[in-house]
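Encoded as structure tokens, the structure appears first; notes follow it.
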Amino acid sequence: MDPILDGLNHAQREAVTSSGSILQVLAPPGSGKTKTLTARVAYLLSHHGYQPQDVICCTFTIKASREMRERLANLIGEKLESRLILGTFHSICRRYLVKYGYLIGLRKGFGIADSDDTRAIIKRTIKRLNSSIEVKAAQGRISRHKAHGLSPDAVSQRAKAEELELVDIYRDYQSALAASNLLDYDDLLLRCSDLLRDHPQCVSNVQAVLVDEFQDTNIIQYELMNLFASKSRRITIVGDPDQSIYGFRSAEIKNLKRMQGRYSNTTVVLLEDNYRSAGSILNAAQEVIEQDEARPAKALQATHTFGTLPVLRRLPTPNAEAQWMVLEIKRCAAMTGGLLRMSDFAVLLRSASLSTQIETAFGRAGIPYKMVGGRKFFDRTEVKIILNYMRVANHTGHSDALLNIVNVPPRRIGDETIRQLTSGAEQAKLPLWDFIKDVIQGRRSTEKKLQKAAEQGLCNLVKLIEASRQKLQECEDASAPRVLIEFITERLSFQEYLIRTYPLDEDTRWANVKELMHQATEVAAFEEEEVDKEMDLPEIEGVEQQQTHAGEEALTRFLANVALATEITKEEDNKEGTPTEKVTISTIHAAKGLEWPVVFVPAVYNGSIPHSRAEVIEEERRLLYVAMTRAQALLYLSVPIRQPRLGEGEDGATTLTPFLPPKLTKTRFRQTGPSLHEKVVYAIADILRRPRPSLDDMYKGLEFLPSTLDDRWTPEGEEDRSKFESTSASHDVSDEPNPKRRRSDMNQGPKTTTYMSSTGYTMNDSTGFTLPPTATTGFTSARDHIAAYPQLTSESAAESASSTHADATRAIEPKPSSGAGRKDGLTQASISNFFGGPGTQKREPVVPNRPQPPPRRYELPTSQNQRLPAKTNVPPTLSSHRVQPRPLIPTGPTLEPANTSGYTWLATPSGPPASRPRITVTQERGVGNASTNGTAGAEVKPEASRGFQSATTFHTTTMSMVQQGPRRTLGIRRSMNGWQDRMKRESGGG
DNA sequence: TTGGTATTGATTTTT
DNA sequence: TCAATACCAA
């Protein structure tokens with residue numbers, strides 16, 4: 001058997017081995033899309049004998065291209081992998097333009113205009129033309145025209161009057177780019193397609209073209225694909241119309257049809273088995289996407305068990321929402337006995353700006369996280385300054401970069417001076433830089449005489465840039481970027497400048513500059529090995545490739561990578577005790593193609609999703625679909641019922657997204673987090689294909705939980721006043737009125753114990769939630785609890801109904817006897833399992849009067865506390881607020897009849913219905929403790945203890961995160977052109 | 001004319 | 001939280 005085909009199902013195999021030269025693979029979420037595509041690449045190399053440098057593989061995002069490289073390296077080896085022409089459309093185009101751009105009159109050493117440059121240029125011309133068009137709107141419309149391949153002239157021909165205003169801006173923008181020798185993102189594609197259309201010999205070597213996420217291609221990218229394949233006409237595309245979420249970037253789902261029309265011999269293969277998600281999640285997601293009636297029906301078959309229903313949680317405010325996520329993450333982590341680690345959780349957001357509250361809540365609670373998407377490393381002001389110096393040094397014609405740094409650090413060059421200079425340069429038809437040089441050397445003068453101070457400042461600037469250029473000329477190797485950064489920071493006394501300007505966080509800002517240096521160093525090290533030659537395009541007879549000064553070339557490439565990558569991977573500082581395990585917070589867009597065991601999608605209200613400014617609401621629905629289908633085992637959607645800030649309703653009330661109509665939420669969702677008893681946990685383990693945790697391990701975490709249920713808020717999304725009376729007085733905990741006061745509350749307790757602080761829960765209790773100062777209302781009986789959640793019973797019934805057929809597919813065990821007493825019986829069984837089932841040495845429900853350290857939530861009277869191990873001593877403030885052990889009575893949602901794979905419970909002795917097992921969690925802890933010394937679950941132990949102990953280190957991480965402020969964590973992306981290959985070599989090889 | 005301080009305003013998604 | 005604007009003192 002061909003190892004390439006190992007582990008592929010029938011449809012995947014068919015796709016991989018298809019002899020059709022034009023192949024479309026339609027691959028819904030979790031169907032092994034990337035696996036199939038990489039296998040196809042490997043198959044083409046090994047069975048068709050193509051050389052890797054003759055295969056082009058286009059992805060859409062950098063992350064996707066990195067993943068593809070990694071997978072291919074495993075499949076075909078690094079040697080071959082590194083020679084593939086693989087990358088984002090933009091980066092591949094850049095490579096072609098660098099080598100062959102001269103054929104279409106592109107000037108050497110062109111730079112890439114990032115969105116900041118674009119915005120600045122457009123802003124300037126709008127001002128000059130006195131246009132009333134908004135900058136952002138103009139930017140978007142110009143980009144759209146370009147994505148359709150329309151030049152300013154082309155637009156003006158078919159334009160209406162109002163469009164003509166834009167055409168002027170468009171023209172002006174284009175000439176500004178040309179003047180600075182810049183290409184914007186659209187130009188990269190556009191000019192490359194010009195190149196290949198006029199000079200197809202540049203790609204005459206290409207044997208096969210593969211495109212990932214084809215539904216996200218725009219017209220130009222589609223044309224590029226065809227041009228790449230103009231010789232061989234062998235194309236494989238993988239895509240899913242349901243996951244098209246880049247329409248705002250002119251992506252056209254129509255390209256699928258267009259391609260079929262263009263190539264009559266198109267073969268279409270459908271993948272429909274989902275290997276990622278629980279059946280319950282798929283059902284819910286499928287129902288969301290099927291609301292789109294224009295969409296062709298497409299099957300999506302679950303291969304996993306039904307699992308537990310997804311959650312749609314209502315909460316009072318965005319802040320409560322964030323705190324709830326903290327609670328649920330901790331609850332999941334603790335109650336699954338080390339099965340789930342921090343890196344198994346993801347929070348997916350419609351907008352990156354939603355992250356702030358979540359980040360602060362996580363920071364306070366000691367949840368380590370990393371933010372993906374949102375603000376980019378290379379966009380930080382301090383980094384940007386250095387980069388702009390480098391850009392000017394690289395190419396003095398880059399007027400926008402020059403304008404950005406002309407008075408940074410301050411050189412007494414103010415607005416007026418700049419106005420004189422720019423208008424003078426324009427009149428003289430000179431680049432700004434040349435004009436400035438002429439002025440200070442006395443060859444020219446401005447309309448109005450410049451101030452002495454300003455002139456002196458300009459003089460210093462020119463000297464610095466000239467010196468930098470000199471330095472660059474002297475440096476004829478790949479170290480140029482690093483050399484230049486060092487030189488510039490030194491000459492600017494940049495660190496002192498940062499201290500002066502940003503006294504609050506000058507250290508992190510300086511650290512960012514250091515990080516930039518580090519990146520440059522890495523590039524240099526990589527290129528010195530000359531491995532990068534393999535990244536070059538293959539030589540083609542008869543077409544000359546353009547050569548450049550090595551140092552300049554290295555700098556240009558560095559800057560291009562920066563513009564195209566905009567994020568970098570920070571190497572994990574694996575210092576002792578630093579957890580590398582982090583919760584991912586990401587935009588939904590940036591999460592495409594990825595998966596996590598547990599996914600949270602907060603803010604599912606109208607205006608957020610669909611976004612209030614969204615143009616196509618179908619796309620927003622697909623966005624929700626994409627977000628939901630990232631989840632493997634647990635999916636949480638949530639919505640704050642009030643949005644105090646920008647809410648459109650009078651009191652800031654929100655409305656649930658129309659994508660989740662009542663008939664859907666009633667049948668496919670539960671209202672609160674699932675009870676995480678044994679069977680649920682086992683189902684999670686099975687879906688993740690991880691070993692089931694032992695019951696011991698599952699007990700271990702419980703004592704640190706304030707509750708084993710998701711019950712701090714009512715299912716309707718109010719704070720539960722019966723338990724948290726004092727907090728309801730000020731229900732916008734959200735705005736965190738006076739943290740100091742609360743902190744002092746906490747500090748009434750003994751300052752104590754590494755243990756306390758190490759749980760990471762002290763922090764949370766003290767700041768995240770408002771604890772009632774007195775214990776009067778702390779106790780809630782389970783009966784009260786049930787009374788408060790009447791709907792749960794029916795909900796669980798719905799779940800069992802909807803899950804029956806899914807059961808059948810996977811039932812390993814005989815079904816529980818169904819019938820009248822079924823619900824109770826099941827519940828009892830699962831609960832008693834949970835607290836003392838056959839997984840442990842104890843078969844009986846635990847002896848009630850055996851003294852055991854209780855979990856905090858169900859605190860025993862203080863007399864019992866004396867028997868706690870010294871280190872687990874609980875401060876009086878915390879122990880006092882709940883005085884009685886809370887009996888746990890099975891409630892509706894603990895029913896999980898879907899998970900018949902948990903076979904242990906059938907053997908469990910369940911009490912007679914009359915005497916329900918009123919087991920306190922105290923006992924449950926006892927079981928856990930007792931069996932810690934036993935043998936049960938020994939093999940799972942390392943995992944479990946890691947998950948648990950890390951709480952200690954979470955805390956420390958948090959502290960550093962809090963000090964640094966939010967979003968200091970560097971993103972996980974890495975620019976391409978081999979940076980990641982180097983990483984791989986280092987980590988993988990060593 | 002500059003540069004500091006205060007106020008206000010604003011925040012889709014990515015290459 | 002950050003950035004752009006507005007105003008005032010030098």
Side-chain angles (χ1 to χ4, degrees), chain A residues 58-65 87-94 112-116 118 123 135-136 139-140 143 146-147 183-189 213 216-218 220-221 244-251 348-357 359-360 372-376 378-381 407 409-420 448-454 457 500-502 504-505 560-567 586-592 603 607-616 619-620 622-623 626-627 645-646 965-968 971 973 975-976:
Chain A
C58 301
T59 68
F60 206 65
T61 64
I62 289 151
K63 207 185 288 170
S65 86
T88 62
F89 274 103
H90 292 86
S91 88
I92 291 175
C93 287
R94 192 196 74 87
I112 295 173
D114 60 27
S115 29
D116 276 355
T118 304
K123 193 174 177 182
V135 178
K136 277 211 107 160
Q139 202 178 340
S143 171
K146 290 180 117 173
L183 299 183
D184 69 12
Y185 296 126
D186 297 307
D187 286 331
L188 287 175
L189 308 176
E213 305 277 16
D216 288 330
T217 53
N218 64 27
I220 297 293
Q221 285 161 332
S244 165
I245 53 175
Y246 283 100
F248 70 96
R249 252 172 68 178
S250 310
L348 305 184
L349 308 164
R350 169 67 247 258
S351 323
S353 57
L354 292 166
S355 73
T356 41
Q357 278 161 310
E359 287 185 67
T360 34
V372 183
R375 182 71 161 287
K376 316 289 192 331
F378 294 115
D379 282 347
R380 285 154 209 250
T381 28
N407 200 31
R411 296 192 178 87
R412 311 203 65 84
I413 302 167
D415 291 347
E416 184 58 29
T417 309
I418 289 171
R419 200 175 319 137
Q420 291 296 320
K448 278 194 215 162
K449 190 90 176 70
L450 295 181
Q451 297 227 317
K452 271 218 186 78
R500 238 179 306 131
T501 328
Y502 306 100
L504 292 174
D505 58 350
N561 280 333
V562 164
L564 290 177
T566 60
E567 267 192 56
S586 168
T587 59
I588 298 173
H589 285 89
K592 191 152 86 151
S608 171
I609 189 160
H611 195 270
S612 48
R613 302 175 71 161
E615 286 154 18
V616 188
E619 178 151 318
E620 301 287 304
R622 292 193 292 265
L623 210 40
V626 168
R645 293 170 67 106
L646 277 163
R967 298 215 195 152
R968 292 293 177 256
R973 268 183 240 173
S975 89
M976 48 168 319

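This structure is a prediction, so every number in the text was calculated from the model and none was measured. Lettering follows sequence order; numbering is per chain, from 1.
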Protein and nucleotides 4-10 of chain C: nitrogen or oxygen contacts under 3.5 angstrom:
none

**OP:** Measure from the side chain of A:Thr381, starting at C-beta and using heavy atoms only, and say which of B:dT13, B:dT14, C:dA3 lies closest.
**Re:** C:dA3

**OP:** Output the distance between atom CZ (A:Phe89) and atom CG (A:Leu188), rounded to the nearest 0.5 Å.
**Re:** 13.0 Å

Subject >> Nearest-Å distance once atom C1' is located in both C:dT5 and B:dT12 >> reply: 24 Å

Subject >> Euclidean distance, atom NE2 of residue A:His611 to atom P of B:dT11 [Å, nearest integer] >> reply: 10 Å

**OP:** Would you mind reading off the distance between A:Asp379 atom CG and B:dT14 atom P, rounded to a whole angstrom?
**Re:** 11 Å

**OP:** State whether the side chain of A:Thr59 and the backbone N or O of A:Ala64 hold a donor-acceptor pair below 3.5 Å, judged by distance alone.
**Re:** no

Original post:
Who pairs with A:Ser351 by side-chain contact (heavy atoms from CB on, under 4.5 Å), at least two apart in sequence or on another chain?
Top reply: A:Ser353, A:Leu354, A:His611

Polar-atom pairs under 3.5 Å, protein N or O versus N or O of nucleotides 3-7 of chain B: list them with distances, or write none.
from: B:dG3; atom 1: OP1; to: A:Arg412; atom 2: N; distance (Å): 3.3

Original post:
In whole Å, what is the span from the NZ atom of A:Lys136 to the P atom of B:dT11?
Top reply: 7 Å

Subject >> Selected nucleotide, minimal atom distance to A:His90 side chain, candidates B:dT14, B:dT15, C:dA3 >> reply: B:dT15

Original post:
Taking CD1 from A:Ile92 and P from B:dT15, how many angstroms apart are they, rounded to a whole number?
Top reply: 15 Å

**OP:** Select from A:Glu615 and A:Lys448 the residue whose nearest nucleotide in DNA chain B is closer to the 5' end of that strand.
**Re:** A:Lys448

**OP:** Would you confirm whether A:Glu213, through its side chain, and A:Phe60, through its main-chain N or O, come within 3.5 Å as a donor-acceptor pair?
**Re:** no

**OP:** Please report, rounded to the nearest Å, how far the P atom of C:dA3 is from the CZ atom of A:Arg380.
**Re:** 11 Å

**OP:** Sticking with atom C1', work out how far C:dA4 lies from B:dT13, rounded to a whole angstrom.
**Re:** 24 Å

Original post:
With a centroid cutoff of 5.5 Å and a plane-angle limit of 30°, would you call A:His589 stacked on B:dT13?
Top reply: no

Original post:
Looking across every strand, which nucleic acid part, if any, lies under 4.0 Å from A:Tyr246 by heavy atom: base, sugar-phosphate, or nothing?
Top reply: sugar-phosphate

Subject >> First of A:Glu620 and A:Gln451 reached from the 5' end of DNA chain B, by closest nucleotide >> reply: A:Gln451

Subject >> Interatomic distance where CD belongs to A:Glu619 and C1' belongs to B:dT14 [whole Å] >> reply: 12 Å

**OP:** Check every atom of B:dT1, B:dT14, B:dT12 against the side chain of A:Phe248 and return the nucleotide holding the closest atom.
**Re:** B:dT14

**OP:** State whether the side chain of A:Asp186 and the backbone N or O of A:Ala147 hold a donor-acceptor pair below 3.5 Å, judged by distance alone.
**Re:** no

Subject >> Per A:Arg249 side chain, nearest of listed nucleotides B:dT14, B:dT1, B:dT12 >> reply: B:dT14

Original post:
Which part of the nucleic acid does A:Asp184 contact within heavy-atom distance under 4.0 Å: base, sugar-phosphate only, or nothing?
Top reply: nothing

**OP:** Scan A:Ser115 against the nucleic acid and name what it touches under 4.0 Å (heavy atoms): base, sugar-phosphate only, or nothing.
**Re:** nothing

Subject >> B:dT13 base / A:Arg350 side chain donor-acceptor hit below 3.5 Å >> reply: yes

Subject >> Listed partners of A:Ala251 passing side-chain contact (heavy atoms from CB on, under 4.5 Å), at least two apart >> reply: A:Tyr246

Subject >> Contacts of type side-chain contact (heavy atoms from CB on, under 4.5 Å), residue A:Arg412, not counting sequence neighbours >> reply: A:Ala453

Subject >> A:Thr88/A:Leu564 under side chain to side chain contact (heavy atoms under 4.5 Å, CB included): CA gap, chis, key distance, verdict >> reply: CA-CA 9 Å; A:Thr88 62; A:Leu564 290 177; 5.5 Å; no

Original post:
Where do A:Ile220 and A:Lys146 come nearest, in terms of heavy atoms and distance?
Top reply: CG1-O, 3.9 Å

Subject >> Listed nucleotide nearest any side-chain atom of A:Ser351, set B:dT14, B:dT13, B:dT1 >> reply: B:dT13

**OP:** Round to the nearest Å and state the distance from A:Ile62 atom CD1 to B:dT15 atom P.
**Re:** 5 Å

**OP:** Please name the pair of heavy atoms, one in A:Arg350 and one in A:Leu623, separated by the smallest distance, quoted to 0.1 Å.
**Re:** NE-CD2, 3.4 Å

Original post:
Between A:Thr417 and B:dT2, is there a side-chain N or O to OP1/OP2 distance below 4.0 Å?
Top reply: yes

**OP:** Please list, chain by chain and in numerical order, all residues satisfying side-chain contact (heavy atoms from CB on, under 4.5 Å) with A:Gln420, sequence neighbours excluded.
**Re:** A:Glu416, A:Thr446, A:Glu447, A:Lys448, A:Leu450

**OP:** Specify the separation, in whole Å, of atom CD of A:Gln420 and atom P of B:dT2.
**Re:** 10 Å

